[in-house]
Number of protein chains: 2
Amino acid sequence: MTEPDATAKRKRMSSGQRREDFITKAIAFFAEEGFESSTRGLARQLGVTQPLLYRYFPSKDDLILAVYDAVYVNRWRPEWEEILTDRSTSVEERLNTFYRVYTDVIFNREWMRIYLFSGLKGADINRRYMQLVRQRILEPIVAEARAEFGHPPSPATDSEIEFAWVMHGGIFYYGVRDLIYDSALETRKDRVVADAVAAFVAGLKIKLAKSVEAEHASEAQRTD
Amino acid sequence: MTEPDATAKRKRMSSGQRREDFITKAIAFFAEEGFESSTRGLARQLGVTQPLLYRYFPSKDDLILAVYDAVYVNRWRPEWEEILTDRSTSVEERLNTFYRVYTDVIFNREWMRIYLFSGLKGADINRRYMQLVRQRILEPIVAEARAEFGHPPSPATDSEIEFAWVMHGGIFYYGVRDLIYDSALETRKDRVVADAVAAFVAGLKIKLAKSVEAEHASEAQRTD
DNA sequence: GATTTAATTTGTCATTCGATAAATTAGTAT
DNA sequence: ATACTAATTTATCGAATGACAAATTAAATC
């Protein structure tokens with residue numbers, strides 16, 4: 001439709017290339033139209049007939065699983081975890097660096113809409129993804145902050161992780177507002193992230209200090 | 001299915017009652033199954049035949065519009081805005097009170113899933129809702145904070161509103177994690193809100209002070 | 001109890017859906 | 001050029017979809 005289709009009939013791709021092409025374009029298609037959209041509509045965008053899809057994927061659901069894999073698994077960068085634990089800079093700086101590169105990956109219409117659609121279709125995939133975020137991102141963040149603030153390295157409490165989740169979710173939701181609703185006011189992403197990170201770091205410092213206080217108090221009078 | 005259907009054939013509702021009943025149950029149905037689900041499936045849950053729906057709503061889309069109205073318009077409470085501007089207590093306390101009652105309304109699976117589904121179906125309704133949140137909730141919050149911190153009452157900057165959005169979005173996303181993904185760690189809602197609010201208030205105080213600094217500096221040397 | 005009104009169901013339509021089988025055709029090896 | 005292989009299309013199935021028209025039936029009115 002938009003493309004002039006240079007080689008009028010550019011048929012016969014190799015099996016591997018075609019499969020990759022299908023997945024790439026299926027991501028774009030499902031991101032816009034949702035997973036309930038027809039395989040015929042997808043085939044139209046692929047410039048191919050609908051039954052051909054079934055030579056590469058046994059069923060529509062299998063194609064969707066391949067899409068999940070391409071988005072959630074393949075786009076995850078192990079370096080992210082290294083950024084957060086590199087103690088040559090402050091936690092605040094590391095958080096800014098991390099969210100800069102992390103949002104470079106997830107702040108695009110495709111990723112976000114696939115994420116939202118998949119979450120509504122069935123919570124499992126998103127739950128798994130959120131567990132990954134928790135273990136690989138939020139737990140290290142809290143642990144590193146504890147260390148920097150001079151607290152003993154005990155496992156993060158649920159309440160602390162949840163506090164990190166609120167920052168993370170706030171930044172994520174900023175992306176949703178910007179990329180899905182075109183409603184972001186401040187478009188300088190790095191500035192929004194910097195403000196959120198600064199508030200989180202300062203907030204966590206206070207929160208950790210308070211929990212130490214509370215612990216001392218309860219230790220003194222043996223009360224919960 | 002779950003209900004034993006007490007009055008085996010409880011037919012003939014009044015037009016008004018039936019319409020209300022349809023909308024109420026359509027909210028629950030579409031929240032679970034999505035707006036693409038069939039009118040026959042909905043009719044089954046209503047204990048009624050499918051064509052009857054078309055005596056009350058000209059089309060499926062009209063029914064969906066009625067659902068939007070019931071969720072977004074009818075559940076909005078004007079008192080919310082009063083809570084935020086009641087200067088007999090601190091801004092932090094007001095924010096805690098507000099988010100307590102606000103989340104009492106929107107933190108339920110139905111509301112949240114309808115919100116997410118409608119946002120993916122077409123951004124308009126959600127954009128309108130977000131504009132309402134901005135004008136009636138976030139603008140007042142920033143204005144009240146400015147006043148409490150002794151700043152002159154100038155209109156909130158985009159960056160300040162965005163900062164408030166990040167708190168709001170963080171709290172919202174906490175609800176999503178809790179109610180849609182069953183993945184909230186800290187289930188004491190009020191505690192999560194209190195932490196988020198405290199970090200926001202402290203963060204905004206610093207942010208406002210910084211922007212005053214920057215303004216003075218630029219005034220002194222006539223530079224942007 | 002007969003009549004009227006309006007709520008509800010039965011029956012049906014043209015489309016669209018995911019999926020399969022069989023026919024075709026492009027590219028490669030001989 | 002011929003034969004073979006694999007990519008792709010054509011044709012088609014049964015089920016499900018939104019919507020409409022006509023028949024039915026419960027409840028209100030007389």
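Note on naming: letters A, B, ... go to the chains in the order of the sequence lines (proteins, then strands), and numbering restarts at 1 for each one.
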Exercise. Please say whether more than 12 non-hydrogen atoms of neighbouring residues, nucleotides or ligands are located less than 6.0 Å from CZ in A/R100.
Key: yes
Quiz item: How many Å lie between CG on B/L42 and C1' on D/dG18, as a whole number?
Solution: 13 Å
Quiz item: Atom CG of A/L46 to atom C1' of D/dT9: distance rounded to whole Å?
Solution: 15 Å
Quiz item: When you look at CZ of A/R127, are more than 12 heavy atoms from neighbouring residues, nucleotides or ligands closer to it than 6.0 Å?
Solution: yes
Self-check item: Atom CD of B/E32: over 12 foreign heavy atoms under 6.0 Å
Solution: yes
Quiz item: What nucleic acid atoms does A/S15 come within less than 4.0 Å of, heavy atoms only: base, sugar-phosphate, or nothing?
Solution: sugar-phosphate
Self-check item: Length of the CE-P vector between B/M13 and D/dA28, whole Å
Solution: 14 Å
Exercise. Identify whether any heavy atom of A/S38 sits under 4.0 Å from a base atom; if not, whether one sits that close to sugar-phosphate; answer base, sugar-phosphate or nothing.
Key: sugar-phosphate
Quiz item: Is A/K189 salt-bridged to A/D104, cutoff N-O under 4.0 Å?
Solution: yes
Self-check item: Per-nucleotide protein contact string for nucleotides 25-30 of chain C (B base, S sugar-phosphate only, - none; heavy atom under 4.0 Å)
Solution: BBS---
Practice problem: Take atom CG of A/L53 and atom C1' of C/dT20, then tell me their distance rounded to the nearest Å. | Solution: 14 Å
Quiz item: CD of A/Q50: more than 12 outside heavy atoms within 6.0 angstrom?
Solution: yes
Quiz item: Whole-Å distance between C/dG18 P and A/L52 CG?
Solution: 15 Å
Exercise. Classify the angle between the aromatic ring planes of A/F30 and A/F35 as parallel (below 30°), tilted (30 to 60°) or perpendicular (above 60°).
Key: tilted
Practice problem: Pick base, sugar-phosphate or nothing for A/Y56, based on heavy-atom distances below 4.0 Å to the nucleic acid. | Solution: sugar-phosphate
Quiz prompt | A/R18 side-chain N/O to D/dT8 phosphate OP1/OP2 under 4.0 Å | solution = yes
Would you list the protein and nucleotides 19-22 of chain D atom pairs, both N or O, that sit under 3.5 Å from each other?
{"from": "D/dA19", "atom 1": "OP2", "to": "B/Y54", "atom 2": "OH", "distance (Å)": "2.5"}
{"from": "D/dA19", "atom 1": "OP2", "to": "B/K60", "atom 2": "N", "distance (Å)": "2.9"}
{"from": "D/dA19", "atom 1": "N7", "to": "B/Q50", "atom 2": "NE2", "distance (Å)": "3.0"}
{"from": "D/dA19", "atom 1": "N6", "to": "B/R40", "atom 2": "NH2", "distance (Å)": "3.2"}
{"from": "D/dA19", "atom 1": "N6", "to": "B/Q50", "atom 2": "OE1", "distance (Å)": "3.2"}

Quiz prompt | For atom CZ of A/F22 and atom C1' of D/dA7, their distance in whole Å | solution = 10 Å
Quiz prompt | Any donor-acceptor N or O pair under 3.5 Å, side chains A/S118, A/N126 | solution = yes
Quiz item: Are A/K121 and A/E36 close enough for a salt bridge, meaning some N to O gap below 4.0 Å?
Solution: no
Quiz item: What pairs meet the ring-ring contact (aromatic ring centres under 6.0 Å, His included) rule with one or both residues in residues 36-60 of chain B, with sequence neighbours excluded?
Solution: B/F22-B/Y56
Quiz item: Please give, in whole Å, the distance from C/dG18 P to A/R44 CZ?
Solution: 11 Å
